[in-house]
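Reviewing the structure listed below.
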Protein chains: 2
Amino acid sequence: MASRVRIEDVAEAAGVSMKTVSRVLNREPNVREQTRERVLEAVEKLRYIPHISARSLAGNRSFLIALLYNNPSDNYLMGIMSGVLAACEQQQYNMMLGPLEWDSRRMVTQFDELIGRSRPDGVVLTPPVTDAPALLARLAELEIPFASISPKIRKDVVGVGMDEKQAAFDMVSHLVSLGHRRIAHISGHPAHGATKWRIAGYQQGLKQARLEYDPTLVVPGQFSFDSGVEAARALLGLKQRPTAVFAANDDMAAGVVAVALERGLRVPEDLSVGGFDDIPLSSQTFPPLTTVHQPVRDMGRLATLELLADIQRPGTGRMLHVPHTLQLRRSTGPAPA
Amino acid sequence: MASRVRIEDVAEAAGVSMKTVSRVLNREPNVREQTRERVLEAVEKLRYIPHISARSLAGNRSFLIALLYNNPSDNYLMGIMSGVLAACEQQQYNMMLGPLEWDSRRMVTQFDELIGRSRPDGVVLTPPVTDAPALLARLAELEIPFASISPKIRKDVVGVGMDEKQAAFDMVSHLVSLGHRRIAHISGHPAHGATKWRIAGYQQGLKQARLEYDPTLVVPGQFSFDSGVEAARALLGLKQRPTAVFAANDDMAAGVVAVALERGLRVPEDLSVGGFDDIPLSSQTFPPLTTVHQPVRDMGRLATLELLADIQRPGTGRMLHVPHTLQLRRSTGPAPA
DNA sequence: CTGTTAGCGCATTCAG
DNA sequence: CTGAATGCGCTAACAG
């Protein structure tokens with residue numbers, strides 16, 4: 001078995017008491033630098049690794065962060081997860097997963113079970129659960145610290161977000177600069193905070209270019225490939241077809257491309273298509289998609305770091321903002337003459 | 001705070017000793033059915049939830065299963081993960097993640113750290129780490145129970161696998177039935193156990209159809225989109241072009257489609273393309289891919305169930321086999337005249 | 001079939 | 001700045 005070494009052994013080896021070792025390990029004050037070093041040496045030599053269950057039990061905390069999600073995009077989630085894991089590892093925390101159903105009653109039930117069983121010290125919320133009122137209420141009730149990723153409202157919340165509106169604006173500006181004047185938008189799932197920001201950015205982009213806002217060019221989607229297909233059918237069936245479509249995520253953009261190709265339209269010669277998220281698919285279809293790249297892994301990592309800070313010193317956690325970049329690929333091109 | 005209720009409170013409420021409650025909760029024998037029910041009632045009424053850290057500490061087990069991986073496919077992983085989670089939940093276990101680097105020295109180091117910190121009671125191995133000799137050796141050395149998903153060698157191993165060879169054979173037979181006679185294969189990453197099985201199935205498929213095996217039609221890939229692109233370039237550059245390509249996974253198949261479309265070839269009219277895995281991408285490109293579907297979530301779930309059985313009663317875990325299905329979509333069609 | 005007694009390995013009082 | 005005692009909530013032996 002791994003490490004039968006206990007804190008007691010380390011204490012003996014270093015010629016100090018258990019408590020002193022504990023102090024050093026937990027970075028508590030009141031340890032002379034010299035003893036501190038002796039202890040660390042002993043730890044090193046004996047290859048001591050603290051027993052996490054014992055720490056939890058005695059210290060009344062679990063060293064566990066739960067990642068809550070209800071998100072159809074595997075790639076997005078894996079990115080976030082990878083970041084959360086990295087942050088946890090760095091601080092000797094563990095991560096656990098909390099897949100939640102979307103129905104708000106069941107969501108809360110599942111959440112309660114998760115909390116009951118594993119008692120995480122804090123949770124990271126990913127969209128769309130970030131904005132689920134019932135969950136947020138329960139979190140407040142239980143006084144569980146949390147960090148939100150891309151929440152709809154960012155005031156007084158710890159977490160990380162991106163300037164969604166600006167990103168959408170950038171995409172539209174890009175299309176405008178290519179000469180497009182009939183630019184459609186397929187919006188996202190209405191429950192996602194991002195959806196309204198992306199619409200706002202779209203509108204602002206039009207305004208900036210002095211293009212008239214045409215409601216028939218804005219079709220609601222659900223962030224799924226199928227909803228993109230459906231929206232594209234509507235859009236491409238219009239008497240006055242758009243020459244460019246900005247979809248609120250890549251899955252829907254892929255749906256648009258599929259419909260276009262199926263109808264014999266060339267992308268981007270006949271139709272330009274822009275997406276959002278930069279999922280792997282974007283670079284693995286023909287043509288590869290122009291999209292907005294967000295640093296997903298960093299978002300997971302930073303949100304977790306802020307959460308951990310807030311757990312360790314309440315009130316310390318902040319709302320961070322990360323930069324986006326417009327990833328130009330081949331699905332967008334000059335507007336047809 | 002959630003549940004300040006302790007086992008002691010339950011014992012008192014039920015009029016029995018702590019130990020009896022413990023027995024009931026752990027499904028140990030030697031409890032009269034009647035007392036058993038009294039205890040369960042008390043548990044229910046008090047909404048008692050055992051404290052996992054205390055259980056771990058006292059019982060010298062962590063109720064933790066680690067999922068080890070080094071796999072580029074987010075979708076595959078999320079599927080497996082979802083299954084592992086489901087199995088864990090059902091048995092009151094928790095899951096943790098162990099992303100590993102591929103370099104065998106670092107892999108083992110990372111593994112050791114993971115084990116040291118969280119002391120899982122067992123681990124689930126996903127390809128390609130399933131077949132990493134250094135890791136397997138360490139696992140044996142530490143005597144940690146494990147389950148393997150799709151390992152290269154299945155004898156005397158607990159886990160779950162699929163008949164990869166048969167699946168590849170089925171795909172080739174499908175292409176043959178469409179009239180194809182020049183069928184190429186892009187093989188997978190050489191370290192994956194599946195790779196050789198899929199090649200074997202491909203060869204057997206040709207043999208069955210009395211088609212000559214032509215080594216120039218077999219190009220090595222890496223399971224990545226880019227390697228698929230590269231292989232496709234080679235294949236489509238041949239003087240005697242194949243009319244069908246069977247790629248060992250969907251990412252590479254997507255690469256083949258992209259190259260074909262780029263060159264103005266129609267899929268499937270000019271070139272049929274078959275994949276493997278049935279990732280979401282397969283149904284989200286144009287044209288949607290004909291591929292082999294494997295029940296990934298079930299594989300994760302079953303492997304974990306077998307692992308848990310083996311942990312609870314050593315020697316009980318088995319190697320299970322799950323069925324595959326050929327998912328026919330539009331990337332395959334009759335061979336051109 | 002059931003209860004009692006001791007720890008599991010650590011952090012947390014509170015003294016020095 | 002450091003140490004000795006106490007208990008976190010549960011299970012494992014051993015009694016009965």
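Nothing here was measured: the structure is a model prediction, and the numbers come from that model. Every chain is numbered from 1 and lettered A, B, ... according to where its sequence line falls, protein lines coming before strand lines.
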A:Asn26 side-chain N/O to C:dA11 phosphate OP1/OP2 under 4.0 Å: yes
D:dA12 base / B:Lys19 side chain donor-acceptor hit below 3.5 Å: yes
Gap between atoms CD and C1', on A:Glu33 and D:dC1 respectively (whole Å): 13 Å
side-chain contact (heavy atoms from CB on, under 4.5 Å) assessment of A:Arg55 paired with A:Asn26: CA-CA 11 Å; A:Arg55 292 216 320 175; A:Asn26 294 308; 3.2 Å; yes
d(CD, A:Glu28; C1', C:dC10) in whole Å: 12 Å
Nearest-nucleotide 5' precedence on DNA chain C, A:Glu8 against B:Arg23: B:Arg23
Test item: A:Asp163 side-chain N/O and A:His324 main-chain N/O as donor-acceptor pair under 3.5 Å: no
Atom-to-atom span, CD1 of A:Ile7 to C1' of D:dT2 - whole angstrom: 14 Å
Whole-Å gap separating P (D:dG9) and CD1 (A:Ile52): 18 Å
Touch class at under 4.0 angstrom, heavy-atom based, for A:Ser53 against every strand present: nothing
Spacing of A:His51 atom NE2 relative to C:dA11 atom P, expressed in whole Å: 12 Å
Contact under 4.0 Å: A:Thr20 side-chain N or O vs D:dG3 OP1/OP2: yes
Contact under 4.0 Å: A:Ser22 side-chain N or O vs C:dC10 OP1/OP2: no
Toward the 5' end of DNA chain C, by each residue's nearest nucleotide, B:Asn30 or B:Ala58: B:Asn30
side-chain hydrogen bond (donor to acceptor under 3.5 Å, both in side chains) evaluation trace for A:Ser62 with A:Arg119: CA-CA 6 Å; A:Ser62 61; A:Arg119 305 168 195 232; over 6 Å; no
Touch class at under 4.0 angstrom, heavy-atom based, for A:Ser56 against every strand present: nothing
Cationic N near anionic O, under 4.0 Å, A:Arg38 to A:Glu41: no
Any donor-acceptor N/O pair, A:Asn70 side chain to A:Pro128 backbone, under 3.5 Å: no
Nucleotide nearest B:Ala54 when distance is taken to its side chain, options D:dT2, C:dC10, D:dG9: D:dG9
Donor-acceptor pair under 3.5 Å, B:Arg32 side chain vs C:dT2 base: no
Phosphate-side-chain proximity, A:Arg6 and C:dG9, N/O vs OP1/OP2 below 4.0 Å: yes
Between P of C:dT4 and CD of B:Glu12, the distance in whole Å: 13 Å
Integer-rounded Å distance: D:dA5 P and A:Met18 CE: 12 Å
B:Ser17 side-chain N/O to C:dT2 phosphate OP1/OP2 under 4.0 Å: no
A:Leu57 CG to D:dT11 P, straight-line distance once rounded to whole Å: 12 Å
